[in-house]
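Just so you know, residue 1 is the first one in the sequence shown, and it goes up from there. Just follow the structure's listing: the first ligand is 1, and inside any ligand the first atom is 1.
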Amino acid sequence: MRFSIAIAFVGGMWFAAPVPMAEAAPCLMVTLTGTQSGPSVFNGQAGAGTLVRYGDDSNDCAAMKLQFDAGRGTNMRLSQIDVTPVQLNAIFFTHMHGDHTEGFADIMMLRWYFKGPKIDIVCSSDATSVLGVTNSCRKYVTHIADAFLQSGEIAERRSEDNARLAGGPVDLTNVITFDPKDEPQVVWSSGDVKVSAIRSTHTAGHASYRVDTPAGSVVIGGDAGNDVLAPPRASSTSDQVEKLAKGVDIIVHSAFHPVLGPDRGSGFPPLSYYRQSLASDLGAMAKRVGAKHLMLTHLGPSLGAVIHNRWKVPGGPLTQADYRKAVEAGGFTGNTIVGTDLATLRLPAK
Ligand SMILES: [Zn+2]
């Protein structure tokens with residue numbers, strides 16, 4: 001039971017008295033801020049990202065706002081649900097592919113323009129691929145507004161208001177890096193909210209996340225695929241994500257449809273296809289871990305697309321029903337959401 005202070009005017013005097021009131025019920029909201037798969041643009045879809053909001057009924061589940069990935073147009077989508085960059089408590093990256101990161105500069109420039117506050121940026125430490133290429137989230141964040149420093153934009157706006165930090169957006173960032181492991185590790189927490197990460201296969205340094213709150217839990221798989229990079233293998237999904245997702249309420253995951261497989265002749269590169277999880281295998285994984293909700297995002301191919309990226313979709317454009325059918329083929333009988341921008345799930349349901 002909580003107490004609030006009631007002020008009463010009684011008998012010519014003001015009295016303040018504690019009054020018992022019901023505890024506001026905790027709630028969790030998961031919103032897809034972008035569902036585009038890969039570098040292409042299609043029909044105004046924003047790049048990959050997921051907003052996780054947590055709070056209670058008294059603040060409409062919005063006491064805490066965590067953004068996972070920030071693809072192209074993330075800021076525009078956030079504006080449609082009245083979330084400004086200043087309100088975000090932390091930003092997490094699954095990996096450094098542009099379709100998951102392009103919207104970050106936009107978010108940070110506006111946060112800087114609005115004068116902060118500082119924000120935690122959580123991602124994996126530098127990781128080098130088998131081909132010797134290093135992915136560096138830290139460098140990415142450090143240099144996020146270099147073009148605006150070089151153009152004079154940062155200096156000019158600061159000359160109008162010197163409360164803005166001289167170094168630009170990077171001065172607002174607190175970069176927290178971790179080494180993704182095969183077991184979940186807590187990488188960020190605040191109050192009731194805990195965020196864990198696990199290593200997963202896609203690019204070097206790829207990580208998947210899980211958010212646990214008193215209102216429920218959500219796994220954000222990112223573009224995770226199986227450690228075995230091509231068939232024969234038991235599943236296209238990640239064993240590590242499956243470990244992370246045990247007993248979780250919601251799984252948000254990039255999903256490909258089998259129609260883009262090499263056997264269907266679209267010409268879509270097998271490497272790109274095999275390093276993603278198939279909708280059917282995600283259905284099977286969601287069933288195995290006992291998830292209640294599966295939110296497919298980053299759909300390959302996009303819903304309604306005749307051409308995905310630059311490859312013709314065999315058999316014509318896909319519908320939500322096609323993805324749902326694939327998930328059901330995997331055996332999942334829970335709630336499946338075939339992602340469109342701003343699709344939202346609330347726990348508990350209202
Ligand atoms: Zn991607």
Linking I/L/V/M/F/W/Y whenever their side-chain heavy atoms sit closer than 4.5 Å, directly or via other members, would Leu51 and Val252 fall into one cluster?
-> no
Out of the N/O/S atoms in Asp223, what is the name of the one closest to the Zn ion (ligand 1)?
-> OD2
With a 4.0 Å cut-off, would you call Lys139 and Asp146 a salt bridge?
-> no
NZ (Lys243) with more than 12 external heavy atoms under 6.0 Å = yes
After noting the C-alpha distance and the side-chain angles of Arg346 and Asp57, does the key distance pass the salt bridge (charged side-chain N to carboxylate O under 4.0 Å, His left out) rule?
-> CA-CA 11 Å; Arg346 185 192 194 274; Asp57 285 336; 3.0 Å; yes
N/O/S from His298 sitting under 2.8 Å away from the Zn ion (ligand 1) | yes
Is there an N/O/S atom in His95 at a distance below 2.8 Å from the Zn ion (ligand 1)?
-> no
Heteroatom of Asp99 nearest to the Zn ion (ligand 1) (N, O or S, atom name) | OD2
